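Structure record follows, encoded as structure tokens.
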Amino acid sequence: MKAPVSWIKELVDLPDSITTEALTARLTALGLKLEAIESAGAGIEGPLVIGQVLTMEPEPQKNGKTINWCTVDVGAANGTGEPQGIVCGAHNFKPGDKVVVVLPGGVLPGNFQISERKTYGHLSAGMICSARELGLGEDHDGIIVLPADAGEPGDDVRAVLGLGEEVIEFEINPDRAYALSLRGVAREAALGFEIPFTDPAARDGVPIADGGGHPVEIEDAEGCPVFVTRVVTGVDPLAPTPDWMRTRLEQCGMRSISIAVDISNYVMLELGQPNHCYDRATLAGPIRVRRAAAGETITTLDDVERVLDPADLVIADGDGPIGIAGVMGGARTEISDATTEIVVEAAHFDPTSIFRSQKRHKLGSEASKRFERGVDPLLPPIAADRVVELLVAYAGGTAAPGATQAGTTPTPGVISAPVDLPARISGIDVSADDTVRHLTAIGARVTVEGDTLTATVPTWRPDLTDPYDLVEEVVRIVGYDQVPSVLPRPVDGRGLTREQRLRRRVGRTLAGAGLTEVVSFPFVGEATFDQMGLPSDDRLRETVKLANPLSAEEPAYTTTALPGLLKAAARNLGRGAPGVALFETMTVAFPAEGAAPIYGVESRPTAAEMETLLAAVPRQPMHLAIVLAGERERAGWWGSGTVAGWADALAVVRRLADELGVAIDTANTERAPWHPGRCASLSVDGQELGHAGELHPAVCKALGLPERSAAVELDLDLLMALAPETPRAPEFSTFPVAKEDVALVVDADVPVAAVAEALRDGAGDLLESVRLFDVYTGEQVGEGRKSLAFALRFRAPDRTLAEGEAAAARDAAVARAAEVTGAVQR
């Protein structure tokens, strides 16, 4: 919405001390967001004066164009008082007309310099200007012809053209339709600065509805509650639009069309009430407001034939539709150069109906923009009277007596609210008197009884429907900047639970190890377990069946966290990923014994009943699953890469155990879907946590994974339960380390972990670490045997080890390993 500052000042007595910037800042604070401040004729410099054409001589040119060689009286503005010779290509003027002249030395918008120059065989000293050349509009068909009383030749023409006047462009929110008018903008300015406002809708002498206008019949009162018509006869359709009106329309972004259309648009901008003028001679009988019939068509003012929808609200006469209500009129009843009698229409329409029609026909208009947001229902007779007044004043028309009004004006809404609601909601110290004063200022009629306020909302504010709308009105007037900043109070509690802290620690540790977390659906079917190679009697096949599964192929809640993770790994590898390292934490479910009993709802279950119900709920522990497949380390100029395997899976588990402060034991075992002999059972203090190792080749083939892919699954709830609240920090000694290496030969089926544990037991407290660094099988150790090379590191926390202490500890470790595992030192 564009609003000239001079027009605003006609309706609001703004003091000179209030600058345009201050005005826009206050209006923005009230909800009318500033988009731009424009100045008409910006970029014009130098002498711009009134000129009077003395002579004009048409001169045809070789290119077929005819120019006019003119002598123009510019008074003393050229410094000599002599007429100015100017070449002009326009033909819409004649000798004696007053025109706009920019003299040499002037500058037009776009930095167009004006100077004396020879053209078409003449020395042209200046330019006679069109509206587009001055930046006042797009009209370039002819030059501006000023009224006879515009002033004397040589006078500065800026004031006549309204140049230099500032125009404010606002962004209007959909709930503030009243601001799509100068009436609304000016009312907000008066509200913001608490100064008097002259309401252009406060008119005296509006005719009483006595049927004197064109007859109207409303067949759809819901779509059109009010319809007003007035008649004007003796109109001169070719009467010129007054310059002041044309200027204001152009400042508001509209082009001048004809006197009747310009007056209609001007009143819409002034009051916010769209209206329409019909050629009375083209109307066939009464005007009817109804819904369109199926298959009806209309040619609208843009000369497009449109097929109407039965939901469209139309304005029709005896020959059919003459307009899409609130959107656009029809071409059949359009004002023409022969129109002498005009029917003026102003109506109130249902916003939803107008919105749907303009969307349906992709036909947004200035009228629909206002109607779909909500227009003051009291305005139709006032707007019609204003249009008639201007047609009489500037188009030579005569107002027919009386008016026709069909329908009843809707009653304004009433809202009740606690009088202290604005203060309680906003936190601003707003007294009851201030609340009443601010609501009265927006046009509401307010009464207070006890602690309750009742407001009859103004008819131009259909957006006010509940008590909190009143709160918003009070707060925006007081100022949103006055709302205090209050930090939210934290809820009572002790922060994260122990389980939450541990789960976050698990996630950070795995992410630090290069793994990516995924989330998959926890649903499985028999085919899932078949792919994993689970025996038919495996306990993991005992699932909780879903009553309404997403898929008939996967109708059960999973008992293992691996299926979804394995599918995610295969999907990423299949799309070109060289390797994957994924993890997921999720609940699994194991069926409870027996079905849950059904109790009545007439009373709360007893403690015993609750215990029975809870016992029937499936056990749902949290599990952690890890999958490593493909490249673990990329190959490059730095060297060859590595492929993920069971050792990487165990390394991740040990890293996680170290972070949680848990000592995990491993032992060989067999468990689907892992490879027999390449699967480790993971336990803590004899309690089994889960399994890790290399997946069975058949499983890898069934799922599309590379051979020797590795996987881990742990009972995360149990692991966290066994973890200390705060892991013990590692202890370091500053004394030198003693290094001892041993190579032990054992049977091939002896676990490395068993040998390492025996070494720890035998070495005593001086042992700092045990690390396997080589495994050898071959003729030198014999068939069915293997050689394990361990690096032992000894250190005392309080002293340097004496000579022989490390060797003695090493011998004790070897002896213990021989005793427990049958190891023989090489």
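If you're wondering where the values come from, they're calculated on a predicted model, not measured in any experiment.
In summary, K2 and E38 engage in a salt bridge, as defined by a charged side-chain N under 4.0 Å from a carboxylate O. Between E270 and R183 there is no salt bridge, since no side-chain N of the basic residue sits under 4.0 Å from a carboxylate O of the acidic one. Of the charged side-chain nitrogens involved, at least one lies within less than 4.0 Å of a carboxylate oxygen, so that R332 and D317 count as a salt-bridged pair. Taking a cutoff of 4.0 Å between a charged side-chain nitrogen and a carboxylate oxygen, D312 and R360 qualify as a salt bridge. Note on E366 versus R370: salt bridge recorded, some NZ/NE/NH1/NH2 to OD/OE distance being below 4.0 Å. Remark: R187 engages D199 in a salt bridge, criterion side-chain N to carboxylate O under 4.0 Å.
L146 is listed as a side-chain neighbour of L161, based on a closest heavy-atom distance under 4.5 Å. Side-chain contact between M56 and F93 is present, with at least one heavy-atom pair separated by less than 4.5 Å. The closest side-chain heavy-atom distance from R230 to P207 is below 4.5 Å. Residues F170 and E188 fail the side-chain proximity criterion, which asks for heavy atoms closer than 4.5 Å.
Taking the six-membered ring where the residue is Trp, W69 and H122 present parallel rings, their angle staying beneath 30° rather than reaching 60°. Below 30°, between 30° and 60°, or above 60°: for F371 and F349 the angle between ring planes is above 60°, a perpendicular geometry.
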* Please report the C-alpha distance between E166 and S39 in whole Å, then the side-chain angles of each, then the deciding distance to 0.1 Å, and finally whether the side-chain hydrogen bond (donor to acceptor under 3.5 Å, both in side chains) criterion is met. => CA-CA 4 Å; E166 292 177 311; S39 180; 6.0 Å; no
* To do: Could you walk me through whether R306 and D302 pass the salt bridge (Lys or Arg N to Asp or Glu O under 4.0 Å) test, one step at a time?
  => CA-CA 11 Å; R306 303 177 188 277; D302 56 358; 2.6 Å; yes
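Other residues, nucleotides and ligands contribute at most 12 non-hydrogen atoms within 6.0 Å of the CZ atom of F355. Within 6.0 Å of CZ in R356 there are 12 or fewer heavy atoms belonging to other residues, nucleotides or ligands. Within a 6.0 Å radius of CG in D210, more than 12 heavy atoms belonging to other residues, nucleotides or ligands are found.
No donor-acceptor distance shorter than 3.5 angstrom exists from the side chain of T299 to the backbone of D303, with no hydrogens or angles considered.
For the residue pair T459 / D376, a side-chain donor-acceptor distance below 3.5 Å is found, with atom types taken as modelled. A donor atom on one side chain and an acceptor atom on the other are found under 3.5 Å apart for R176 and Y178.
Nearest heavy atoms, A383 versus L271: CA-CD1, 3.8 Å.
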